[in-house]
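Residue numbers start from 1 in every chain, and the chains themselves are labelled A, B, ... in the order their sequence lines are given, proteins ahead of strands.
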Protein chains: 2
Amino acid sequence: MKEGPDITLLGSLIGDPARANMLTALLSGKALTASELAGEAGISAQTASSHLAKMQSGGLLIQRKQGRHRYFALADDDVGSLLEAMMGLAAKKGHLRTRTGPKDPALRRARVCYNHLAGDLGVQMMDSLLAKGFLTPENEGLGLTEDGRRFFEGFAIDLAPLEKLRRPLCKSCLDWSNRRSHLAGSLGSALLTRFYDLGWARRVENSRIVSFNTPGEKEFMRMFAV
Amino acid sequence: MKEGPDITLLGSLIGDPARANMLTALLSGKALTASELAGEAGISAQTASSHLAKMQSGGLLIQRKQGRHRYFALADDDVGSLLEAMMGLAAKKGHLRTRTGPKDPALRRARVCYNHLAGDLGVQMMDSLLAKGFLTPENEGLGLTEDGRRFFEGFAIDLAPLEKLRRPLCKSCLDWSNRRSHLAGSLGSALLTRFYDLGWARRVENSRIVSFNTPGEKEFMRMFAV
DNA sequence: AGAATGCTTCGACTACAATCGAACTATGAA
DNA sequence: TTCATAGTTCGATTGTAGTCGAAGCATTCT
């Protein structure tokens, strides 16, 4: 017994409601200040401060000072993936939040997962990219084909700087609402940014929802048909 | 806010040391009795009973009555995967258990992950099966090729009954010690069983370690060379 | 039937962690 | 300099979850 890594710390960090709310808010990919997170969790600033310190020393968060603000963000993609994975299992086991609000359908359709697109549209995009042979499954992840390289460059995504990063270019991430994979990694992130830039979609304030407008969705559907 | 599934319950269930010890023990794939689990966690029977009830109602465990014993096991593969994923992140963040025992290297080399082979050897097997074209990455999982079908049948693994199960045949599972994938699913489980039957390896008592004997390891290496 | 084992329920105790008010530090604005 | 805002630290309070002893069922053994 007492073999392997210790999962209790991670579990207990995630297991507190206030902290879970903060983490969920940060899953939107935006860095938030301590007071914003306190508001998100519905607790006082002092309490939030203590929680944030714990999560930081536990490796879940990183902190960036900027003027008199302190911005907190998820430490890395792995933390985001774990949170999504837990949401997947929680959903499967029926652990829903007390009030499943009216936003729920919109959230299932298109939302931000840390920094890339998730939900029905995210899964569809992934399927389409695979079906057209732009991405291809590799050893343990995803690879970019020559066709894919041309496609993305044609979509005004500059691959060169992305490939220089330590972060993997393509990665698959499990979707809690669909239990299917969608595209993560720096390429997934770049695609989402491109959708914003093109004016196809925008972020809904204070939420993970990504809202496509009518022409934007039309373009998206044409480009990522299955 | 308050969007999506609730991860606090899962987190807090996993976040208690006694429960985490039990879950880790169950990750060996064996069903254990309440008293065995109490011993594993180092707590009294009463306390264990309360923990087990909570984990059961939280969907992490299932219970099977057999005579005057109650056997507990992980509820499904997803629970096992989540635990391995958490161990992966915990290891990466340096959350090791206080005493990293002498068993640790053996554990990294070959261990049971719920019901299939993990560790260096598990990863090597996966790599070999992919390299030889017996398995192939598919949409969101793994597929069996015609060559692969012949290979496994030749290895005296009867695929027909496995394919009838609701459980997926092939599945990849992330390894915490390697951060690479190994083969899960009913096929992964069948392979491990076959190794036991052939006398290549055996389980080390009260541990997740799988110990290969010299000729067994030789055969394994020949069969799953990379 | 009676005894023993395996497990759960009940009740009481304890320890710890979340919480907030108040005081303190740091940055920025007037 | 003085004031205001953002955040942390300290101390005290509170609630709750983990813990075990004792008693209660259920099943098997003799």
Could you state the atom-to-atom distance from [atom1] of [X] to [atom2] of [N] in whole Å?
X        : N       : atom1 : atom2 : result
Leu32(B) : dG6(C)  : CG    : P     : 15 Å
Asn21(B) : dG18(D) : CG    : C1'   : 14 Å
Gln63(B) : dG6(C)  : CD    : P     : 16 Å
Leu13(B) : dT16(D) : CG    : C1'   : 15 Å
Ile14(B) : dG18(D) : CD1   : C1'   : 18 Å
His69(B) : dT5(C)  : NE2   : P     : 12 Å
Gln56(A) : dT8(D)  : CD    : C1'   : 12 Å
Met55(B) : dT8(C)  : CE    : P     : 11 Å

Please identify each residue that fulfils ring-ring contact (aromatic ring centres under 6.0 Å, His included) with [X], with sequence neighbours left out.
X         : answer
Tyr196(A) : none
Phe155(A) : Trp200(A)
Phe220(A) : Phe195(A), Phe212(A), Phe224(A)

Going by the rule side chain to side chain contact (heavy atoms under 4.5 Å, CB included), which residues pair with [X] if we only count those two or more places apart in sequence or in a different chain?
X         : result
Ser28(A)  : Lys30(A), Arg203(A), Arg208(A)
Gln46(B)  : Ser44(B)
Ser211(B) : Arg202(B), Val204(B)
Ala34(B)  : Leu52(B), Phe72(B)

Polar atoms only, N or O, under 3.5 Å: list the protein pairs with nucleotides 19-21 of chain D and their distances.
from: dT19(D); atom 1: OP2; to: His51(B); atom 2: NE2; distance (Å): 2.6
from: dC20(D); atom 1: OP2; to: Ser44(B); atom 2: N; distance (Å): 3.1
from: dC20(D); atom 1: OP2; to: Ser44(B); atom 2: OG; distance (Å): 2.9
from: dC20(D); atom 1: OP2; to: Thr47(B); atom 2: OG1; distance (Å): 2.8
from: dG21(D); atom 1: N7; to: Gln46(B); atom 2: NE2; distance (Å): 2.3

Legend entry - Nearest heavy atoms of Ala41(B) and Asn21(B), plus distance in Å: CA-CB, 4.1 Å

Inset, instruction - Determine the minimum heavy-atom distance between Ala18(B) and Asp16(B), stating which atoms define it. - result: N-OD2, 3.0 Å

Inset, instruction - Identify whether any heavy atom of Ser12(B) sits under 4.0 Å from a base atom; if not, whether one sits that close to sugar-phosphate; answer base, sugar-phosphate or nothing. - result: nothing

Nucleotide N/O to protein N/O under 3.5 Å, stretch nucleotides 25-30 of chain C:
none

